[in-house]
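Below you'll find the structure, written out as structure tokens, and then a few comments.
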Protein chains: 2
Amino acid sequence: MSEPHPALLMFIGARYVEQRVSDAVAAAGYDDITPAMARVAARLSEDGIRVTDLAEQARITKQSASVLVDQLERAAYVERVPDPADARARLVVIAPRGREVQQVARREERAIEREWSRHLGAERMAALKDALKGLREITDPYREDFAQPARRG
Amino acid sequence: MSEPHPALLMFIGARYVEQRVSDAVAAAGYDDITPAMARVAARLSEDGIRVTDLAEQARITKQSASVLVDQLERAAYVERVPDPADARARLVVIAPRGREVQQVARREERAIEREWSRHLGAERMAALKDALKGLREITDPYREDFAQPARRG
DNA sequence: CTGATATAGTCAGTCTCACTGACCAGTTCG
DNA sequence: CGAACTGGTCAGTGAGACTGACTATATCAG
């Protein structure tokens, strides 16, 4: 069997972390969060964010974002408050329960990074990060300048 | 903003390749393949495989796998043939049209790998592969599946 | 050989989460 | 003021996943 493509190995690693974090969050008692909700929730900030901006960042339509925010709100992870700067808009802000989840997720991510460092050794871990950052220069269309990618459809 | 988690960088790279390959396949005229179909199709081998095994490897239910194989069959990418070893079962085998797609996909993957090597340089590319392979030892729960054909449960 | 049980696969129904299009309310600017 | 733009929702559709029930074949104990 030929060597697996590096991208497959990357996918395996990324999926592992996603699973670990999602498991940790569920184990901490927050078991009513779907993957789609998590993707949106990962973009929340302390300052609050508009549904439209959330949609753009998560690369989904504002309609989809709106539905997911509804669910997050019903489960008390976020609140919608009026935007003082624009009466049409409302800001999605993290609620206390949401902040708890973020802490659990961040702690698990840090733990995984420590495990990886231990397994690979500091040097290989540094080389990994270095190479991944270098790759990002040519693989991440959202770094800065780019035209709207014509998503197939 | 703090450093992105390595897993995020991996995800970006993996998604990039997925997109490039999918675009190349579509550009070659095979524009009736959905991502879900592709995920199943990526597991096909020359020997044929049962729907049940396909489902297990793609981590979906056999019902879902069956629907996706239906679609692939309707589009002439695969065929279902009787399994000579078991009259209950049928084998999903690649059809000529499916083989063409696999070649397009593999060619694009190799092209991307060359681009990455050029961008990073041979040394960093080797370090990347090395580290990713090392990580796989602790992040891939299905490692054996890739080396060994069957894992009886 | 027969009957119990396991396995391959399909059918039917449901759920989640994307999408588009139509629409309303508020903002901005001529 | 009125036109055009923007934030957001409502309604409808579709893909793709799920569970549960079912048929047909295989296998194994007695």
Side-chain angles (χ1 to χ4, degrees), chain A residues 15 18-19 22 26 31-44 47-75 77-93 148-153, chain B residues 15 18-19 22 26 31-44 47-75 77-93 150-153:
Chain A
R15 186 173 60 182
E18 192 184 340
Q19 191 64 51
S22 138
D31 54 358
D32 53 355
I33 303 175
T34 66
M37 285 159 77
R39 258 183 71 202
V40 165
R43 261 101 189 168
L44 296 172
D47 305 330
I49 183 171
R50 296 184 186 176
V51 168
T52 302
D53 295 336
L54 213 42
E56 190 185 342
Q57 288 186 25
R59 256 78 82 183
I60 58 178
T61 60
K62 53 186 184 172
Q63 291 84 344
S64 300
S66 179
V67 169
L68 294 169
V69 168
D70 282 348
Q71 297 174 3
L72 286 167
E73 191 174 24
R74 239 177 286 125
Y77 293 113
V78 305
E79 285 176 67
R80 271 191 254 232
V81 301
D83 184 345
D86 189 334
R88 293 170 304 178
R90 282 186 293 166
L91 295 176
V92 180
V93 299
Q148 182 61 22
R151 297 200 37 181
R152 79 208 198 97
Chain B
R15 187 173 58 182
E18 192 182 341
Q19 190 64 50
S22 139
D31 55 357
D32 54 354
I33 304 175
T34 65
M37 284 159 79
R39 232 169 299 137
V40 165
R43 261 99 189 172
L44 297 172
D47 305 331
I49 183 173
R50 297 184 185 177
V51 168
T52 302
D53 295 336
L54 215 41
E56 190 185 342
Q57 288 187 24
R59 258 74 85 184
I60 57 178
T61 60
K62 53 185 183 171
Q63 290 85 341
S64 300
S66 179
V67 169
L68 294 169
V69 169
D70 282 348
Q71 297 173 3
L72 286 167
E73 191 173 23
R74 239 178 286 126
Y77 293 112
V78 304
E79 286 176 67
R80 270 190 254 234
V81 301
D83 184 344
D86 189 332
R88 293 170 304 179
R90 282 187 293 166
L91 295 176
V92 180
V93 300
R151 172 180 63 95
R152 260 322 190 101

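Note that the coordinates shown come from a computational prediction; the quantities given were computed from them, not determined experimentally. Per chain, numbering begins at 1; letters A, B, ... match sequence-line order.
- Going from atom CD1 of Ile60(B) over to atom C1' of dC15(C) covers 17 Å, rounded to whole Å.
- Distance Met37(A) CE to dC17(C) P: 8 Å, rounded to the nearest Å.
- You'll find that the side chain of Ala36(A) is closest to dA18(C), out of dA18(C), dG16(D), dG8(D).
- Regarding contacts with the backbone of dT10(C), a side-chain N or O of Arg90(B) is found under 4.0 angstrom from either OP1 or OP2.
- Residue contacts shown for Thr61(A) include a base, since a base heavy atom lies under 4.0 Å away.
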Protein-nucleic acid N or O pairs under 3.5 Å, nucleotides 23-26 of chain C:
{"unit_1": "dG26(C)", "atom_1": "N2", "unit_2": "Arg88(A)", "atom_2": "NH1", "d": "2.9"}

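- Of the possible donor and acceptor atoms, one in the side chain of Arg59(B) sits under 3.5 Å from a partner among the backbone N and O of Gln57(B).
- Residues forming a side chain to side chain donor-acceptor pair (under 3.5 Å) with Ser64(A) (at least two apart in sequence, or on another chain): Thr61(A).
- Here the straight-line distance linking atom CD1 of Ile49(A) with atom OG1 of Thr52(A) works out to 9.5 Å at 0.5 Å rounding.
- Listed by chain and number, the residues in a side chain to side chain donor-acceptor pair (under 3.5 Å) with Asp70(A) are Arg80(A) (sequence neighbours excluded).
- Regarding contacts with the backbone of dG16(D), every side-chain N or O of Arg59(B) stays at 4.0 angstrom or more from both OP1 and OP2.
- Atom CZ of Arg50(B) is separated from atom C1' of dT10(C) by 16 Å (rounded to the nearest Å).
- Rounded to whole Å, atom C1' of dG9(C) lies 9 Å from atom CZ of Arg80(B).
- For Ala58(A), the side-chain contact (heavy atoms from CB on, under 4.5 Å) criterion is met by Arg43(A), Ile60(A), not counting sequence neighbours.
- Nearest to the side-chain atoms of Val51(A) among the listed nucleotides dC18(D), dG9(C), dT9(D) stands dT9(D).
- Atom-to-atom, CG of Leu72(B) to P of dA15(D) comes out at 14 Å; the value is rounded to the nearest Å.
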N/O donor-acceptor pairs under 3.5 Å from side chains in residues 81-91 of chain A, not counting sequence neighbours:
{"unit_1": "Asp83(A)", "atom_1": "OD1", "unit_2": "Ala85(A)", "atom_2": "N", "d": "2.8"}
{"unit_1": "Asp83(A)", "atom_1": "OD2", "unit_2": "Arg50(A)", "atom_2": "NE", "d": "2.9"}
{"unit_1": "Asp83(A)", "atom_1": "OD2", "unit_2": "Arg50(A)", "atom_2": "NH2", "d": "2.7"}
{"unit_1": "Asp86(A)", "atom_1": "OD1", "unit_2": "Arg88(A)", "atom_2": "N", "d": "3.0"}
{"unit_1": "Asp86(A)", "atom_1": "OD1", "unit_2": "Arg88(A)", "atom_2": "NE", "d": "3.1"}
{"unit_1": "Asp86(A)", "atom_1": "OD2", "unit_2": "Arg88(A)", "atom_2": "NE", "d": "3.4"}
{"unit_1": "Asp86(A)", "atom_1": "OD2", "unit_2": "Arg88(A)", "atom_2": "NH2", "d": "2.7"}

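- Here Arg39(B) does not reach the OP1 or OP2 of dA15(D): none of its side-chain N or O atoms lies under 4.0 Å away.
- Residues Val78(B) and Val69(B) come closest through the heavy atom pair CG2-O, 4.1 Å.
- Judged by closest nucleotide on DNA chain C, Lys62(B) is the one of Lys62(B) and Ala85(A) placed further toward the 5' end.
- Atom P of nucleotide dG9(C) and atom CD of Glu73(B) are separated by 13 Å, given to the nearest angstrom.
- Of all the heavy atoms in Ala75(A) and Asp32(A), the pair that sits closest is CB-OD2, 3.7 Å.
- Rounded to whole Å, atom P of dA8(C) lies 13 Å from atom CG of Leu54(B).
- Residue-environment remark: CD (Gln71(A)) exceeds the threshold of 12 foreign heavy atoms within 6.0 Å.
- Of the residues in residues 63-71 of chain A, those placing a heavy atom less than 4.0 Å from an atom of DNA chain D are Gln63(A), Ser66(A), in numerical order.
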